[in-house]
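In this chain, numbering begins with 1 at the start of the sequence shown. Whatever order the structure lists them in is the order used to number ligands and atoms, beginning at 1.
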Amino acid sequence: MREAGHAVRVVRADPRMVKLTHAEDELLIATLLERDRQMRTGTGYDVHRLEPGDGVRLCGVTIPCDLRLVGHSDADVALHAAVDAILGALGEGDIGSHFPPSDPQWRGADSALFLRHAMALVQARGGVLDHLDLTIIAERPRIAPHREVMRARLAELAERPLTSISVKATTTEGLGFTGRGEGIAVQALATLSLPRADFGS
Ligand code: MG
């Protein structure tokens with residue numbers, strides 16, 4: 001180029017500019033792009049009280065029984081823990097800071113709305129929810145028969161494949177408030193992949 005009288009300038013390469021010739025080249029690009037992303041995890045925990053009622057709402061599914069969860073919104077303790085885990089991975093505060101319980105507009109709200117909000121934040125940051133793992137701690141109602149339905153509903157709400165969602169349940173062997181059936185607790189762990197640039201490194 002210089003011989004032809006043109007100026008030559010050095011520019012920073014973009015991994016996406018690698019020429020695709022062989023199958024291995026594709027792997028190289030995938031590796032380089034992966035380097036631009038970072039994994040983040042967040043945890044969530046929530047508890048709601050049980051009282052006599054006509055069904056318990058968990059993961060957007062109503063389990064028919066003689067109990068219900070009490071709360072300002074629909075009290076879906078599983079979705080609340082999931083939202084907090086996602087917000088935690090994003091470093092975006094907690095569910096209460098996004099949807100203050102003092103705000104009357106969230107009274108009786110469908111908690112699916114909170115999850116969609118959290119997922120919109122993930123998308124806005126160019127992130128992907130790689131995995132969401134919930135542990136429901138309850139003596140009653142029995143979770144096992146509804147576990148797969150809840151998992152499917154959660155996958156649907158998060159718009160993620162079923163393989164990215166896990167719902168587990170346990171009891172506390174009759175111990176503590178969950179064991180006495182006074183409430184249900186849920187633990188959540190969210191794993192996101194986010195653009196590395198998002199963290200300034
Ligand atoms: Mg809650």
(message) I'd like to verify the contacts: list protein N, O or S atoms under a distance of 2.8 Å from the Mg ion (ligand 1).
(response) D46 OD2, H48 NE2, H80 ND1

(message) Strictly below 4.0 Å, N to O, side chains only: are E92 and R125 in salt-bridge contact?
(response) yes

(request) Run the salt-bridge test on R57 and D74 with the 4.0 Å N-O cut-off and return the result as yes or no. (result) yes

(message) Could you check whether D54 pairs with R68 (Lys NZ or Arg NE/NH1/NH2 to Asp/Glu carboxylate O, under 4.0 Å)?
(response) no

(request) Could you tell me whether the side chain of R151 and the main chain of L162 form a donor-acceptor pair under 3.5 Å? (result) yes

(request) May I ask you to decide whether E182 forms a salt bridge with R49, counting only side-chain N to carboxylate O separations under 4.0 Å? (result) no

(message) Can a donor-acceptor pair be found, under 3.5 Å and without considering hydrogens, that links the side chain of D76 to the backbone of L79?
(response) yes

